[in-house]
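These notes concern the structure reproduced below.
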Amino acid sequence: MIKYDDNSEKSIVTYAKKLIGKSLQDILDLSSTTRIINLKNKGLAGLIIEKEWFGIEQNSSQLPDFDKVGIELKIIPLKKIKKGIVVKERTKICSMNYITLPDESWEESHAKEKLNKILFVYYFPNSSDILKSKILKIDLWKLSKESGELVLKDNWNFIRNKVIAGYAHKLSGRDTDSLEASPSGTKKQVPQFNTIYSNTAQKRAFSLKQPFTNQRWKELNHVKYESIIETLDITNFDSFEQAVLEKINSLQGKSIFKLSELFDVKIGQSKSRVASVMKKIIGFKSVRSKIKEFEQLGIEIKMINVRKKDYRPMEAISFPAMKLQEFIMEEWEESIFLSMISKILFIPIYKEHTDVKDLDELYLGNVFFWTPSNNEINIIREEWLNYQQEVQDGKCKVTRIPWNTKKGYKEVSCLSKESQTQIIHIRPHGRDSDDRDEDGLGNSIVKQSFWLNTKFMQQLIIKNL
DNA sequence: GCATGATCATGC
DNA sequence: GCATGATCATGC
C-alpha cells in the first residue's frame, strides 16, 4: 500500500506527477475508498487529493502535510477567462493568531514555515460535474529571494506591525500586495493584541493573493519573466516602490527624445513608443518582457498624457472592454475592475498642447504608484454598484441622434456620464460602432469599458507632485 | 474648451 | 480579425 516514500521529496513529487490528467473520479476509482463523499463540500477536490491520493489524514496539528520533508500541499482551482486559464482565487496559508503573532519573527513564523515548500496541485473545476474536474499541473515551489520572499516578508511584517499597534480590527486585504490578511470564518470575532482600540477583531488568515499564485502558474506555462530586483539591485522589498520611483523620477523633466538617447532605445512611430522608452528605463529588458515582481504584485502600468499648465490629462484612462452580462453578475469584491485598480504605476507625460507629437516636446512627469485609499474605494464601489444597477435597469438602451458621423447618427444610452460621477465612469470602447455587446435585456450597445475620470486623474497627479 | 460618443492603429 | 491603448471630432 505504500505509494511513495514520505522521507523523500523526489518520491513525493514523482508520485504527485501521476495526478496530471486524472479527474477526481479517477482518483476515487483507484482508491477503493469506503468514505462517503459529499459532493456539496467546498473543499472536495482538496479532500480527495489529500486523503485518497496521498493518504494524508486530516491533521489538526500545525505540521506541514508532508511533515518529514516540510512540504505543504495546496490545491489550486483554475478558471477560464478571455485570455486563457488563470488561478481562480487567493490561497489560504494559515490562520492568524493576533495574540501570538507579535512574538513571532519572520524567520520563525508560522506563515514562513507553511510557505517554505509548497506542492501546488493545479486543477480545473468542472462546474456541471465536480468529479470530472481534472488535475492539470504539479509544481514543487520553494520560497527564496528569487521566488518572491522579499515581498512576502515585507507584507508579513506590515500585517504584524498593524497587529502590534492594536489595529487588528482595521486589517484589510488591500493593505498588502502579495501576502494578505484575508477574512476567514464568516465574521467571527477573536481577541486581539494590545486592546486599547477594540477588544476583538475579525478572524483572518494569511493568504497568497491571486496575482502572486497566478504569476507562478503562468511561469509554469512557459511565460518568460525578468526580475527587476536584480536590475535595480533591490535587497529590501520595503524599498521596492521607492527604488522604482527613484530610478524614474531622477529623470523627471527630460524629454522623451532625450531619454531614448540616454537609454539607447530605438523608437519607431507606433503609439506605444513612449511606453517603450519608459519600460526600458524602469528596467524592462525589452518592451514585451514581463517583470515578475509587477505581476506578483498585480501592478498595472499606465501612461497618461497631461497638459503641462494645469496637469489636466488629455483623456480619461481606459480599461479593457467588458462583457455587460458578466459585469452584472459580478460581486464587487471579486470583480475584474477591482483587481485592475489594486495598484497602478502612473507615468504622466507632460506636453504643452494637445497636438504636440514631437518626442522632443514630450516630457517625463511625476511618476507615482496609486492604490485607492479607503475613501476612494468607497466611492468607486458605490459608483460601480450604481452602474451595475443601471445596466440591470436597462439603461443601455440607446437612442439614435442625427450626427455628423460615418453612419449619420450617434447612439446615446442612459448610463451616467463622466460628469455625473466622481472617479469612474462607463463609456463606449469598441473598434467602431459595429463592435457591439448585449445587456441581456435585448439591448445592443457598442462595447463598453470602465474609465478613470479626467478630473479625478488631474487631482491625483497634482496630489503626487 | 469641454464632454462624450466614435474611431483609429498597432500588435498579437 | 480581434483586443486594447490611445485619441479624434462634433457640437454646445
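A quick note: this is a predicted structure, and the numbers were derived from the prediction, not measured.
Within the 4.0 angstrom heavy-atom criterion, no nucleotide atom of any strand lies near A:R400. Looking at heavy-atom distances under 4.0 Å, A:M314 makes no contact with the nucleic acid at all.
Distance alone, capped at 3.5 Å, is enough to place a donor-acceptor pair between the A:E383 side chain and the A:I423 backbone.
When every heavy atom of A:I49 is checked against every heavy atom of A:I27, the shortest pair comes out as CG1-CD1, 4.1 Å. The nearest pair of heavy atoms linking A:P313 to A:M457 is CG-CB, 3.6 Å.
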Between the protein and nucleotides 8-12 of chain C, are there any N/O to N/O pairs under 3.5 Å, and if so, what are the atom names and distances?
from  : atom 1 : to     : atom 2 : distance (Å)
C:dC8 : OP1    : A:K357 : NZ     : 3.3
C:dC8 : N4     : A:E315 : OE1    : 3.3
C:dC8 : N4     : A:E315 : OE2    : 2.9

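Place A:G430 and A:T454 on DNA chain B by their nearest nucleotides, and A:T454 ends up nearer the 5' end. Residues A:K309 and A:S413 both approach DNA chain B. Their nearest nucleotides, taken by heavy-atom distance, put A:K309 toward the 5′ side.
By the 4.0 Å N-to-carboxylate-O rule, A:K407 lies close enough to A:D434 to be salt-bridged with it. Taking the charged nitrogens against the carboxylate oxygens, A:E219 and A:K292 do have a contact shorter than 4.0 Å, which makes a salt bridge.
Using bins of under 30°, 30° to 60° and over 60° for the plane-to-plane angle, the ring pair A:W370/A:F346 lands in the tilted bin. Using the six-membered ring where Trp is involved, A:F327 and A:F450 have ring planes that are perpendicular, over 60° apart on the 30 and 60° scheme. Aromatic ring orientation, A:F54 versus A:Y15: perpendicular (interplanar angle above 60°, classes split at 30° and 60°).
Contact between the side-chain N/O atoms of A:S433 and the OP1/OP2 oxygens of B:dT7 is found at a separation under 4.0 Å.
Whole-Å rounding puts the A:D310 CG to B:dC2 C1' distance at 12 Å. Taking atom CD1 of residue A:I347 and atom C1' of nucleotide C:dG5, one finds them 14 Å apart after rounding to whole Å. Distance CD1 (A:I317) to P (B:dT4): 17 Å, rounded to an integer number of Å. In this structure, the NZ atom of A:K279 is 10 Å from the P atom of C:dG5, given to the nearest Å. Rounded to an integer number of Å, the gap from NE2 of A:H425 to C1' of B:dT4 is 8 Å. One can place CG of A:D432 at 7 Å from C1' of B:dT7, the figure rounded to the nearest angstrom. Remark: P of B:dG5 and CG of A:N453 are 13 Å apart, rounded to the nearest angstrom. The distance between atom CZ of A:F346 and atom P of C:dA6, rounded to the nearest whole Å, is 11 Å.
Checked against the 6.0 Å centroid criterion, the rings of A:F337 and A:W384 do not qualify as a close aromatic pair.
With B:dA6, C:dG5, B:dT7 as the choices, the nucleotide that has an atom nearest any side-chain atom of A:K302 turns out to be C:dG5. Taking the side chain of A:R431 as heavy atoms from C-beta on, and the options C:dT7, C:dT4, B:dG5, the nearest nucleotide is C:dT4.
In this structure, A:K302 satisfies the cation-pi test against A:F319, with its NZ or CZ atom closer than 6.0 Å to the six-membered ring centre and inside 45 degrees of the ring normal.
From A:I328, atom CD1 reaches atom CG of A:L441 across 6.5 Å, with rounding to the nearest 0.5 Å.
Scanning residues 434-449 of chain A for heavy-atom distances under 4.0 Å to DNA chain C yields A:K447. For the segment residues 414-423 of chain A, the set of residues with a heavy atom within less than 4.0 Å of an atom of DNA chain B comprises A:K417, A:E418, A:S419, in numerical order.
If you check the side chains of A:E390 and A:N386, you find a donor sitting under 3.5 Å from an acceptor.
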